[in-house]
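Everything on this sheet refers to the single structure shown next.
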Amino acid sequence: MIEDQSHKPITSAVILSRVYHRPVSGVIRNIADILNSLGVEASLDQNTAVGFNIREIRAISRNEMRTRDLFIVVGGDGSVLGAARTLVDLKVPMLGINAGHLGLLTDLSPEGLRDKLKEVVSGHYTLEQRTMLDLQVFREDEDGAGELVGQSLATNETVIHSGMMAHMMTFKVFIDGRYMYTLRGDGIIINTPTGSTAYSLSAGGSIIEPHLDVLALVPMFPQSLNCSPIIIPGKSAVRIDFDYPQGGVPELVAINCDGQVTMRADTRCTVSIRQHRVMLKLIHPEGYDYYSLLRQKLGWGQSLV
């Protein structure tokens, strides 16, 4: 969902980064100086303050962060993904400043930053809400009681696989408690529309407009050619079970979220995936155009010669 209109001015902002490179510290200081000159109270989260050894900008606690108007994430898309997983429940919108590579989630570059930030803090921006995934891993004991063995959020996708190269597993897929199919392959990707331009795209999944309320399931190297990617309603509850020989030794399973969080389980486990109850709020400068972004970042329409 996109809201493209004037909003209330921003009076306070928290700057975050996990890219602990010396040039980025200069970008952070520059952002803080610009914000202060625009009458915006600038602060850092505590990890950023310690990681860059920046003492002249006030560092605030997570509890204080929930009262701020804006989070400014400096880095690449990975920095935004990490910030989203840890901070989405604070319900504060995020603005990405690109100090990385591809930059599908980080709209602004350090060049010409003052004019863009001036627009944003004056209330002229696009506010967009993005779906996130809530993943839980359960293991049933001999008495039939379920134990939670892992949990994570994901902005892009959850990838379930064996953890070994070219090693097939058998996945039983259920949607809202209804059996859909059994997949034999290297793995399966469950992604949000945001994640449709990430790992899912490499595996043959479709690009999905971010505002659509859907999820996608993309098989990874399926043994059978009749297991195609499928798009399902966003409110669906996805469950993945695993087949292994009765009385046999369970196989290891790797469950990865956004390429950043990996959980280890085994084929006795069940993986449950659904939309997170809180949506990620992203701020874009006025004039944001998703199709223009795809043309620019993915090279759409370029000559083949």
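If you're wondering where the values come from, they're calculated on a predicted model, not measured in any experiment.
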Can you name the closest pair of heavy atoms from [X] and [Y] and give their distance?
X: R85; Y: C257; answer: NH1-O, 4.3 Å
X: P222; Y: L183; answer: CB-CD1, 3.6 Å
X: M132; Y: L153; answer: CE-CB, 4.2 Å
X: S196; Y: L201; answer: O-CB, 3.3 Å
X: L293; Y: L104; answer: CD2-O, 3.5 Å
X: S37; Y: R114; answer: OG-NH1, 2.8 Å

Look at [X] together with [Y] and state whether they make a salt bridge at an N to O cut-off of under 4.0 Å.
X: K91; Y: D89; answer: no
X: E64; Y: R58; answer: yes
X: R62; Y: D45; answer: no

Is there a side-chain contact between [X] and [Y], using heavy atoms and a 4.5 Å cut-off?
X: I31; Y: I97; answer: yes
X: L95; Y: V73; answer: no
X: T131; Y: M279; answer: yes

If only atom types and distance count, is the side chain of [X] paired as donor or acceptor with the main-chain N or O of [Y] below 3.5 Å?
X: D258; Y: N156; value: yes
X: D69; Y: T11; value: yes
X: T155; Y: A84; value: no
X: Q129; Y: L280; value: no
X: D266; Y: P250; value: no
X: S236; Y: I175; value: no
X: Q260; Y: G78; value: yes
X: S17; Y: V74; value: yes
X: D176; Y: A237; value: yes
X: N36; Y: A32; value: yes

- Query: What do the steps show when you test H161 against D186 for side chain to side chain contact (heavy atoms under 4.5 Å, CB included), and what is the final call?
  - Reply: CA-CA 6 Å; H161 59 105; D186 282 14; 5.9 Å; no

Quick check on the hydrophobic clustering: are [X] and [Y] connected, directly or via other members, by side-chain heavy-atom contacts under 4.5 Å?
X: V253; Y: I190; value: yes
X: V271; Y: V173; value: yes
X: L133; Y: I230; value: yes

- Are the aromatic rings of H284 and Y125 close, with centres under 6.0 Å apart? no

I'd like to know if the side chain of [X] pairs up with that of [Y] as donor and acceptor (distance under 3.5 Å, no hydrogens or angles considered).
X: T194; Y: R130; value: yes
X: S61; Y: N63; value: no
X: N191; Y: S200; value: yes
X: D241; Y: T270; value: yes

- Can you list the steps and then say if I283 with F71 is a side chain to side chain contact (heavy atoms under 4.5 Å, CB included)? CA-CA 9 Å; I283 278 182; F71 293 158; over 6 Å; no

- The single option from L35, I10, V14 passing side-chain contact (heavy atoms from CB on, under 4.5 Å) against L70: I10

- With F52, the side-chain contact (heavy atoms from CB on, under 4.5 Å) member among I57, I28, N47: I28

- What do the steps show when you test N256 against T158 for side chain to side chain contact (heavy atoms under 4.5 Å, CB included), and what is the final call? CA-CA 6 Å; N256 187 275; T158 293; over 6 Å; no

- Message: Using 0.5 Å steps for rounding, measure from the OG atom of S122 to the NZ atom of K8.
- Response: 14.5 Å

- Item | CA sep, side-chain torsions, deciding dist, call: T267, M169, side chain to side chain contact (heavy atoms under 4.5 Å, CB included) | CA-CA 9 Å; T267 48; M169 301 180 65; 3.7 Å; yes

- Item | Residue of the set Y179, Y181, F242 for which ring pair (Phe, Tyr, Trp, His ring centres under 6.0 Å) holds with F171 | F242

